[in-house]
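Presented below is the structure to which this report refers.
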Amino acid sequence: MAQMNFGGVIENVVTREEFPLEKAREILKNETIAVLGYGVQGPGQSLNLRDNGFNVIVGQRPGKTYEKAVADGWVPGKTLFSIEEAAQKGTIVMCLLSDAAVMAVWPTIKPCLTAGKTLYFSHGFAITWNDRTGCVPPADIDVIMVAPKGSGTSLRTMFLEGRGLNSSYAVYQDVSGKATDKVLALGIGIGSGYLFETTFQREATSDLTGERGSLMGAIQGLLLAQYEVLRENGHTPSEAFNETVEELTQSLMPLFAAKGMDWMYANCSTTAQRGALDWMGPFHDAIKPVVQKLYASVKSGHEAQISIDSNSRPDYREKLNEELRQLRESEMWQTAVTVRKLRPENN
């Protein structure tokens, strides 16, 4: 492991240079890796593992997603099976189903997790709150996690570009004494850029906080609030959207993604610099109590229970689609459709 300085805090990370792909192949050479689920993370992780030379099979229920797996080259009866059959065949069972699906199929999966196998997740939800999910793994298997810090689509795209998506990793149960080697080998095998250590509980808590906070929930709330204030004060949809979303995503995000917020500030106008420095404090002070409330709700298991209860309702999908429709058809995101069409690359 390499020691790296993260803002003055020393952390251990594992890079592809110190844990090369050849080492990963050697560790997993006798394993059959069964990827359960071909939805969000399944395609990226399974295809990257296959391209990297590992013995991989996929388990997926019939339907459109099954057909997608076939289109991606997984062969029914050879490398593509039902979820139960794949779980039976795999020595490493990668559970990449949605949290709701994991709960639904757990009674089917658990009997397949016989002594000596390895159970793998890419999210700590099911294990962290297993008093609520019911997903209690057998005591005689290894339980590990590699959690890519991005979507399965990004994992695959970056792999094909020769890059890697950073991932966290954790060991929950180490019965074999080799769980750490296996989890690092799988992390390298799926195409991680570098790996940093966490726990199932820390990953699940930070992940749910991030999704509800700066990654999705808070960013939509902030963008919509500014868009609404501009519109209420007579600005056109195009102007409100460009000043709220388009400039952020197309101009500024690439700058602070590349070199940091300080560098982005230094490369903006003096007027923008002064205003940003003056107003970041009030925004921080207003938002931090909300984030603290959010974190407490996540840590207590309340957010997990909301998700479990919601996903268990028979009309869950219909209600979700209606909420997403309202978001999609809002003025701000309908304006986005037109703005995207006007981008130079689309003309």
Side-chain angles (χ1 to χ4, degrees), residues 24-25 27-61 65-66 68-69 72 74 79-99 101-106 108-114 116-127 133 135 137-138 141-153 155-156 159 165 167-176 178-192 195 200 203-204 207:
R25 290 190 185 118
I27 290 170
L28 302 178
K29 64 182 179 181
N30 296 320
E31 306 282 1
T32 297
I33 303 170
V35 175
L36 308 187
Y38 209 72
V40 178
Q41 283 289 337
Q45 294 199 33
S46 62
L47 292 171
N48 290 0
L49 284 165
R50 186 178 71 182
D51 287 355
N52 273 334
F54 296 91
N55 181 25
V56 188
I57 62 174
V58 170
Q60 176 59 40
R61 291 169 291 195
T65 306
Y66 186 95
K68 181 181 185 303
D72 284 343
W74 302 102
T79 55
L80 178 59
F81 305 92
S82 69
I83 288 175
E84 182 177 8
E85 190 172 359
Q88 289 171 342
K89 290 179 177 294
T91 58
I92 296 177
V93 179
M94 297 178 67
C95 193
L96 300 183
L97 299 153
S98 69
D99 296 324
V102 172
M103 292 169 56
V105 304
W106 183 251
T108 300
I109 295 173
K110 189 171 182 178
C112 304
L113 302 174
T114 52
K117 288 195 175 187
T118 299
L119 176 62
Y120 167 111
F121 290 94
S122 281
H123 185 24
F125 187 104
I127 295 295
T133 66
C135 299
I141 66 169
D142 290 346
V143 182
I144 60 177
M145 175 180 65
V146 177
K149 299 299 105 183
S151 70
T153 300
L155 183 73
R156 180 61 175 167
F159 174 84
L165 188 65
S167 302
S168 60
Y169 73 93
V171 174
Y172 183 76
Q173 285 183 184
D174 185 4
V175 176
S176 69
K178 301 177 181 177
T180 299
D181 282 345
K182 284 186 279 189
V183 75
L184 294 176
L186 287 163
I188 296 300
I190 67 169
S192 300
L195 294 144
F200 274 65
E203 190 282 333
D207 189 78

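None of the values given here were measured: they were computed from a predicted structure.
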Exercise. Mind checking what makes ring-ring contact (aromatic ring centres under 6.0 Å, His included) contact with Tyr120, not counting sequence neighbours?
Worked result: none
Partners passing side-chain contact (heavy atoms from CB on, under 4.5 Å) against [X] (at least two apart in sequence or in another chain):
{"X": "Pro138", "result": "Lys110, Leu113, Asp140, Ile141"}
{"X": "Ala185", "result": "Phe19, Ala24, Ile27, Leu28"}
{"X": "Val105", "result": "Arg61, Leu97, Ile109"}
{"X": "Ala86", "result": "Ala34, Leu36, Ile57, Phe81"}

Apply side-chain hydrogen bond (donor to acceptor under 3.5 Å, both in side chains) to [X] and list each qualifying residue two or more places apart in sequence or on a separate chain.
{"X": "Ser46", "result": "none"}
{"X": "Thr180", "result": "none"}
{"X": "Ser151", "result": "Ser154"}
{"X": "Lys178", "result": "none"}

Non-hydrogen atoms of [X] and [Y] that approach each other most closely:
{"X": "Gln41", "Y": "Pro148", "answer": "OE1-CG, 3.7 Å"}
{"X": "Ala126", "Y": "Phe121", "answer": "CB-CE2, 4.2 Å"}
{"X": "Lys149", "Y": "Leu165", "answer": "O-CD1, 3.7 Å"}
{"X": "Gly191", "Y": "Phe159", "answer": "CA-CD1, 4.2 Å"}
{"X": "Gly124", "Y": "Ala204", "answer": "C-CB, 3.7 Å"}
{"X": "Tyr172", "Y": "Pro137", "answer": "CE2-CG, 4.2 Å"}

Can you find a heavy atom in the side chain of [X] that is under 4.5 Å from one in the side chain of [Y]?
{"X": "Val146", "Y": "Ser192", "value": "yes"}
{"X": "Cys112", "Y": "Thr114", "value": "no"}
{"X": "Leu47", "Y": "Trp74", "value": "yes"}
{"X": "Leu80", "Y": "Tyr38", "value": "no"}
{"X": "Met145", "Y": "Ser122", "value": "no"}
{"X": "Val175", "Y": "Val143", "value": "no"}

Exercise. So among Val56, Leu96, Val35, which one has a side-chain contact (heavy atoms from CB on, under 4.5 Å) with Gln45?
Worked result: Leu96
Out of curiosity, [X] [atom1] to [Y] [atom2], how far, rounded to the nearest 0.5 Å?
{"X": "Ser176", "Y": "Asp181", "atom1": "OG", "atom2": "CG", "result": "8.5 Å"}
{"X": "Phe200", "Y": "His123", "atom1": "CZ", "atom2": "NE2", "result": "11.0 Å"}
{"X": "Phe54", "Y": "Ile92", "atom1": "CZ", "atom2": "CD1", "result": "9.5 Å"}
{"X": "Ile144", "Y": "Thr118", "atom1": "CD1", "atom2": "OG1", "result": "5.5 Å"}

For this session: Kindly determine whether Thr108 and Trp106 satisfy side chain to side chain contact (heavy atoms under 4.5 Å, CB included), including the steps that lead there.
Result: CA-CA 5 Å; Thr108 300; Trp106 183 251; over 6 Å; no
Exercise. Hey, mind stepping through Ser168 and Leu195 against side chain to side chain contact (heavy atoms under 4.5 Å, CB included) and telling me if it holds?
Worked result: CA-CA 5 Å; Ser168 60; Leu195 294 144; over 6 Å; no
For this session: Output, in order, the C-alpha distance, side-chain angles, deciding distance and verdict of side chain to side chain contact (heavy atoms under 4.5 Å, CB included) for Ser98 and Val40.
Result: CA-CA 8 Å; Ser98 69; Val40 178; over 6 Å; no
Problem set entry | For Asp174, salt bridge (Lys or Arg N to Asp or Glu O under 4.0 Å) partners two or more places apart | none
For this session: Using side-chain hydrogen bond (donor to acceptor under 3.5 Å, both in side chains) as the criterion, point out the one residue from Gln173, Lys117, Lys182 that pairs with Asp142.
Result: Lys182
For this session: Please list all pairs passing the side-chain hydrogen bond (donor to acceptor under 3.5 Å, both in side chains) test where one or both residues lie in residues 80-93, with sequence neighbours left out.
Result: Glu31-Thr91
Problem set entry | Contact list for residues 47-60, test side-chain hydrogen bond (donor to acceptor under 3.5 Å, both in side chains), sequence neighbours left out | Thr32-Asn55, Asn48-Arg156, Asp51-Arg156
